[in-house]
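Report on the structure given below.
Residue numbers run from 1 in the order of the sequence given.
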Amino acid sequence: MGSRTLEIEKMSVEQLKALKEQADLEVNLLQDSLNNIRTATTRLEIASNALQDLSLRPQGKKMLVPLTASLYVPGTLDDADKVLVDVGTGYFVEKTMTEGKDYCERKINLLKSNYEQLLDVATKKKSVADETGLILQAKLRQLAPAQ
């Protein structure tokens, strides 16, 4: 951290402004990625809970089946042991209920792991942006009386 501070302090005001702008942009992109991971994790947790709920329902149970977020059609539960799992880009794979739950749990764990790694990177980038901002402000204060 100390050597990075020395390198940053040697930069010109223009270089500092560019570095600060770049670091802020990267922090914003990382923040967006963190939000996307959080959203995906929540959706998988909801799907996992839905599978758990579905496994408890008896065969022949009448229910509403979602076609979109706001459109449902009446249906009847035929076989609760087989589910279609969305594996991405419009592809679905038929799995047993247990395999479907396992798939959701693996994906949730993967996303949580990625979230932690990304959070670490975002924290370091934010630190660089803050440090650069402080040095830039100090340099601008030094230049102000000289002008």
Side-chain angles (χ1 to χ4, degrees), residues 1-11 13-141:
M1 186 94 164
S3 66
R4 183 177 65 203
T5 303
L6 288 175
E7 289 174 20
I8 293 174
E9 286 176 351
K10 292 178 184 175
M11 293 180 171
V13 171
E14 291 77 23
Q15 288 173 320
L16 285 170
K17 284 181 181 177
L19 180 62
K20 172 86 169 109
E21 194 175 297
Q22 179 67 30
D24 285 341
L25 180 66
E26 289 176 12
V27 167
N28 289 337
L29 289 172
L30 288 168
Q31 201 60 42
D32 288 346
S33 294
L34 287 169
N35 290 337
N36 290 340
I37 289 174
R38 228 180 283 127
T39 301
T41 302
T42 301
R43 287 179 55 217
L44 278 167
E45 287 170 342
I46 289 169
S48 183
N49 291 338
L51 286 175
Q52 179 61 34
D53 182 51
L54 190 61
S55 69
L56 301 175
R57 295 179 184 253
Q59 188 171 350
K61 171 87 172 161
K62 297 222 182 284
M63 58 179 39
L64 290 175
V65 180
L67 294 182
T68 67
S70 60
L71 178 63
Y72 292 77
V73 296
T76 306
L77 183 60
D78 181 33
D79 185 3
D81 193 48
K82 291 190 178 133
V83 294
L84 287 178
V85 177
D86 183 353
V87 293
T89 61
Y91 287 96
F92 292 84
V93 176
E94 186 176 292
K95 294 186 176 279
T96 65
M97 182 64 72
T98 306
E99 290 170 340
K101 289 178 188 176
D102 184 53
Y103 176 83
C104 286
E105 290 306 312
R106 282 195 328 268
K107 282 293 201 183
I108 289 169
N109 290 336
L110 176 66
L111 286 171
K112 285 181 177 178
S113 170
N114 288 349
Y115 183 87
E116 295 301 321
Q117 292 172 359
L118 206 55
L119 186 60
D120 188 42
V121 171
T123 303
K124 288 176 183 171
K125 282 288 179 190
K126 178 86 171 100
S127 168
V128 168
D130 292 345
E131 185 179 347
T132 304
L134 290 173
I135 293 170
L136 178 61
Q137 286 176 353
K139 283 200 176 209
L140 289 173
R141 270 189 250 117

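- Taking every heavy atom of both residues into account, Met11 and Gln15 meet most closely at CA-OE1, 3.4 Å.
- No side-chain donor-acceptor contact under 3.5 Å links Glu94 to the backbone of Leu84.
- Proximity of Val128 to Lys124: side-chain heavy atoms (C-beta onward) are nowhere separated by under 4.5 Å.
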Original post:
Can you check side chain to side chain contact (heavy atoms under 4.5 Å, CB included) on Thr76 and Lys61, steps first, answer last?
Top reply: CA-CA 6 Å; Thr76 306; Lys61 171 87 172 161; over 6 Å; no
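- The local environment of NZ in Lys139 is crowded, with over 12 non-hydrogen atoms from other residues, nucleotides or ligands closer than 6.0 Å.
- The two residues Ile108 and Glu45 make their nearest non-hydrogen contact at CD1-CG, 3.6 Å.
- Note that CG of Asp130 and CD1 of Ile135 are 11.0 Å apart. Values are rounded to the nearest 0.5 Å.
- Distance CG/Leu51 to OG1/Thr98: 10.0 Å, rounded to 0.5 Å.
- With rounding to the nearest 0.5 Å, the separation of OG1 in Thr132 from CD in Glu9 is 10.5 Å.
- We find the CD1-CD distance between Ile37 and Gln117 to be 9.0 Å, quoted to the nearest 0.5 Å.
- Taking every heavy atom of both residues into account, Ala129 and Asp24 meet most closely at CB-OD1, 3.4 Å.
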Subject >> CA sep, side-chain torsions, deciding dist, call: Leu140, Leu136, side chain to side chain contact (heavy atoms under 4.5 Å, CB included) >> reply: CA-CA 6 Å; Leu140 289 173; Leu136 178 61; 4.1 Å; yes
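- Taken to the nearest 0.5 Å, the OG1 atom of Thr41 stands 7.0 Å off from the NZ atom of Lys112.
- Within the 3.5 Å criterion, the main-chain N or O of Leu44 finds no donor-acceptor partner in the side chain of Ser48.
- To the nearest 0.5 Å, the span separating CG on Leu16 from CD on Gln137 amounts to 11.0 Å.
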**OP:** Would you check, one step at a time, whether the test side chain to side chain contact (heavy atoms under 4.5 Å, CB included) holds for Leu54 with Leu77?
**Re:** CA-CA 9 Å; Leu54 190 61; Leu77 183 60; 3.8 Å; yes
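- For the pair Tyr103 and Asp86, the tightest heavy-atom approach, listed with the atom from each and the gap, is OH-O, 3.8 Å.
- The number of heavy atoms from other shown groups lying within 6.0 Å of NZ (Lys107) does not exceed 12.
- Ser113 places no side-chain N or O within donor-acceptor distance of the main-chain N or O of Asn109, the cut-off being under 3.5 Å.
- No side-chain donor-acceptor contact under 3.5 Å links Ser127 to the backbone of Thr123.
- Val83 approaches Thr96 most closely through the heavy-atom pair CG2-O, 3.9 Å.
- Crowding of Glu21 atom CD: a count of heavy atoms from other residues, nucleotides or ligands under 6.0 Å not exceeding 12.
- When all heavy atoms are compared, the tightest approach of Leu30 to Ala122 is CD1-CA, 3.7 Å.
- In this structure, Lys101 places its NZ atom where more than 12 heavy-atom neighbours from other residues, nucleotides or ligands lie under 6.0 Å away.
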